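Just so we're on the same page: letters track the sequence lines, and every chain starts at 1. Since this is a predicted model, take the numbers as computed values, not measurements.
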Amino acid sequence: MSMLEIKNLHVNVAGKEILKGIDLSIAAGEVHAIMGPNGSGKSTLSYVLAGRGGYEVTEGSIRFKGKDLLEMSVDERAAAGVFLAFQYPLEIPGVTTMTFLKTALNAQRKARGEEELDAVRFLKLVREKAKPLNVTDDMLKRALNVGYSGGEKKRAEVLQMSLLEPSLAVLDETDSGLDIDALKTVAEGVNALRSPERSMIVITHYQRLLDYIVPDVVHVLSQGRIVKTGGKELALELEKSGYAEYGADAA
Amino acid sequence: MAAVKETVETVREAEKYKYGFFTDIESEKAPLGLTEDTVRFISAKKDEPEWLLQWRLDAFRRWLTMTEPTWAKVSYPPIDFQDAYYYAAPKQKVQPKSLDEVDPKLLETYEKLGIPLTEQKMLAGVAVDAVFDSVSVVTTFKEKLAEAGVIFCPMSEAVKNHPELVKKYLGSVVPTSDNFYATLNSAVFSEGSFVYIPESVRCPMELSTYFRINEKQTGQFERTLIIADKGSYVSYLEGCTAPQRDENQLHAAVVELVALEDAEIKYSTVQNWFPGDEEGKGGVYNFVTKRGDCRGANSKISWTQVETGSAITWKYPSCILRGDNSRGEFYSIAISNGHQQVDSGTKMIHLGRNTTSRIISKGISAGKSSNTYRGLVSVHRKAENVRNFTQCDSLLIGDKCSAHTVPYIETKNPTAILEHEATTSKISDDQLFYCMQRGIGEEEAVALIVNGFCRDVLQQLPMEFAVEAQKLVGISLEGSVG
């Protein structure tokens, strides 16, 4: 079954065309890596999937689980199962991570017509999900992302993903700013969430992350187009040769 | 689809100000306008002693010579003080002795407001002195309080039953000459609460008063007086709502707190008077004088306020730190949306030695509103080792509102250590996007971020109020984005 079907997607940002005809098809359970130099449109693609304002789709379509994704608001997409792990997670001062998680989970459950979780059931669930990610109770009581280290922020993102159980997770440069130990913890967390019902898009500049999160398919994005598609070995190739041959400056 | 949309909109419209209903009860009013006769009418209605009538008349004569203050950052058309009723009481044949005797329509109103008047809700431990327009309808839990020696009653009753206390303390914190609105209040005040906590008594429950303006074109002039005798403690909650009307309603209350040696008073307010409609029509003009006097050594007064309503708010709950080692606190959340204008803050007057004060103010402006923090920290010559910490944070939502911070600091003693911090921030599109990407709707996301911004202050509220206040934050910001 197709999870995501992108056809001839053109996107403008501030009047400038950034994505120039993307075609991408992802089946349920698949993990696709999107690699590319800086400025190739990787983050733009992730934001368009999530529905951020300021990204104007001028042509093409995106279907998610058979539905027109572009017709849906940001929160509707989230409730339908689109999750974006941010490259730079935002700080929400005064809102504890616990409160934020509960608000988000219950908002999604409500939107799907499911029963909201009470405090006790929620707490149990969070602790269960937090433990393997090494997210402590102390972290849960702190304001979301405020004063978190780079590693803590990314672990908190994976915790949110684990709790919200999306059908499609988009990981935007999740490896940036992480040392190797933090990277391993995060990757293990992500791998634990791989399932036949869940697809993932792993956006990264470097091959390193893909040693830990092994993709089924690798795409190379350059100047707003997917210029090459291959298996996981393509990532290794890129590691050696760089992006120069794809018409972009090596960053 | 169109019909559904219409229904949704109708419901929304109705929910916009959910306390905007009007109770149809015939009432007994003073004649329109304000003259010496009006003052005499009110005093006579209340069956007051001669000294109080003279006190009122004295205030009235002084008021005639005063002019309205204009220094606040608020603008409104001139108020015609002669075009208002200064006394309105629901007509009732006999005074009610229990809930069963109270007009069911009144109780219905309270029901809508969610006031815990019913027996079962009383078990929650809240004693309520409900003020309906000007006459206190029913006072609950009086007996339990009486056992502890606590006096909690309508002001008019206190005048009758405890004249010595009233005479001693009334006007001792906010004198009749204090300011235009306080002086007006002194002349025409009609109701309010009186609290006396005897020496070394810890008041066994939170005391609560719900004020509500009902009658058309009536000002509400409550006068509240709380006295905490040596070593006592009391926590007092005040909540306010008003029905929705086109014309503007005037509210000029005075609250006086007196804390004697080692006593502590905690005074919390949640105010959501009608803020006016979308075009800025109607709404309550809220000109309130609230002041606490830490009269004894080691006493403490703490003000916590959540201000979400009123077309105009002019309010500066203050502390006079007279006793040595006394402490004053002011925690405030002021939310303005639509066309609301808020000019609010506090005064900490340090007179005694080693006195400390703490001010945490969170202003949130949305829509086309204006939100000003105005505060004074004053240290007198003999006040050694004073400490003050002030933090004023402003949050802007949208680009048509404004936030202003006007701190005044005066110190005549070199040993004082005064700190002032201020920040202004905006809810960023990125923060909203982040929350919404997690499935949180836009308005809920704003409420979540704002509640986070206010957290330091919300934590100061008594438990049962904190939950209500959090919800109120969300309600008052509805329609502020998008």
Side-chain angles (χ1 to χ4, degrees), chain A residues 46-47 49-55 72-97 99-112 114 116 141-146 153 156-157 159-161 163-166 169-170 172, chain B residues 1 306 331-333 335 360-364 391 393-399 421 423-461 463 466-467 469-471 473-474 477 481-482:
Chain A
S46 69
Y47 287 142
L49 288 171
R52 188 181 189 168
Y55 293 78
M72 297 156 83
S73 67
V74 180
D75 48 323
E76 282 168 355
R77 295 180 196 201
V82 176
F83 181 91
L84 171 62
F86 282 59
Q87 183 178 2
Y88 304 109
L90 275 294
E91 295 183 0
I92 314 287
V95 178
T96 64
T97 303
T99 302
F100 184 83
L101 293 175
K102 185 162 180 251
T103 309
L105 181 65
N106 278 337
Q108 290 202 10
R109 292 181 70 101
K110 204 172 158 188
R112 289 193 295 258
E114 296 164 16
E116 293 180 42
K141 281 181 200 148
R142 278 153 60 193
L144 182 65
N145 293 325
V146 177
K153 281 185 183 173
E157 290 292 287
L159 172 61
Q160 292 183 46
M161 180 169 140
L163 196 67
L164 297 172
E165 301 183 315
V170 183
D172 189 7
Chain B
M1 210 43 207
V306 179
Y331 298 99
S332 168
I333 297 170
I335 300 178
I360 309 283
S361 163
K362 305 276 181 178
I364 297 112
Q391 187 183 335
D393 297 325
S394 306
L395 186 70
L396 299 167
I397 302 172
D399 52 11
E421 288 178 11
T423 65
T424 304
S425 52
K426 251 188 104 163
I427 292 187
S428 73
D429 290 346
D430 287 350
Q431 275 176 324
L432 275 182
F433 172 62
Y434 185 74
C435 293
M436 290 175 73
Q437 208 300 305
R438 299 304 185 242
I440 304 168
E442 190 168 28
E443 284 186 342
E444 200 181 351
V446 170
L448 183 73
I449 293 168
V450 171
N451 270 310
F453 174 75
C454 301
R455 193 172 168 218
D456 302 350
V457 176
L458 287 171
Q459 280 173 339
Q460 297 297 328
L461 285 170
M463 200 58 153
V467 178
Q470 265 183 38
K471 282 187 196 146
V473 166
L477 289 169
V481 285

Quiz item: Between B:Gly439 and A:Ala78, what is the shortest heavy-atom contact and its length?
Solution: N-CB, 3.4 Å
Quiz item: Should A:Arg52 and B:Asp429 count as an ion pair when the cut-off is N to O under 4.0 Å?
Solution: no
Measure [X] against the heavy atoms of chain B and call it side chain, backbone, both or neither at under 4.5 Å.
| X | value |
| --- | --- |
| A:Pro89 | both |
| A:Leu144 | side chain |
| A:Leu164 | side chain |
| A:Glu76 | neither |

Exercise. Tell me, please, which residues at least two apart from A:Arg142 pass salt bridge (Lys or Arg N to Asp or Glu O under 4.0 Å).
Key: A:Asp138, A:Glu152
Side chain, backbone, both or neither: which part of [X] has a heavy atom under 4.5 Å from chain A?
| X | answer |
| --- | --- |
| B:Cys454 | neither |
| B:Arg438 | both |
| B:Phe433 | both |

Quiz prompt | Plane angle bin for A:Phe100 and B:Tyr434 - parallel if under 30°, tilted between 30 and 60°, otherwise perpendicular | solution = parallel
Quiz item: Given the options A:Leu105, A:Leu84, A:Ile92, A:Val95, which has more heavy-atom pairs under 4.5 Å with chain B than any of the others?
Solution: A:Leu84
Quiz item: Among A:Gly54, A:Ala143, A:Ala50, who wins on heavy-atom pairs under 4.5 Å with chain B?
Solution: A:Ala50
Quiz prompt | Contact leader toward chain A among B:Ile449, B:Ile427, B:Asp430, where contacts are heavy-atom pairs under 4.5 Å | solution = B:Asp430
Practice problem: Would you mind telling me which of B:Glu444, B:Arg455, B:Gln437 has the largest number of heavy-atom pairs within less than 4.5 Å of chain A? | Solution: B:Gln437
Practice problem: Show the numbers, then the answer: is there a side-chain contact (heavy atoms from CB on, under 4.5 Å) between B:Leu448 and A:Thr99? | Solution: CA-CA 9 Å; B:Leu448 183 73; A:Thr99 302; 4.2 Å; yes
Exercise. Sequence neighbours left out, what passes side-chain contact (heavy atoms from CB on, under 4.5 Å) with A:Asp75? Give chain and number order.
Key: A:Ser73, B:Met436
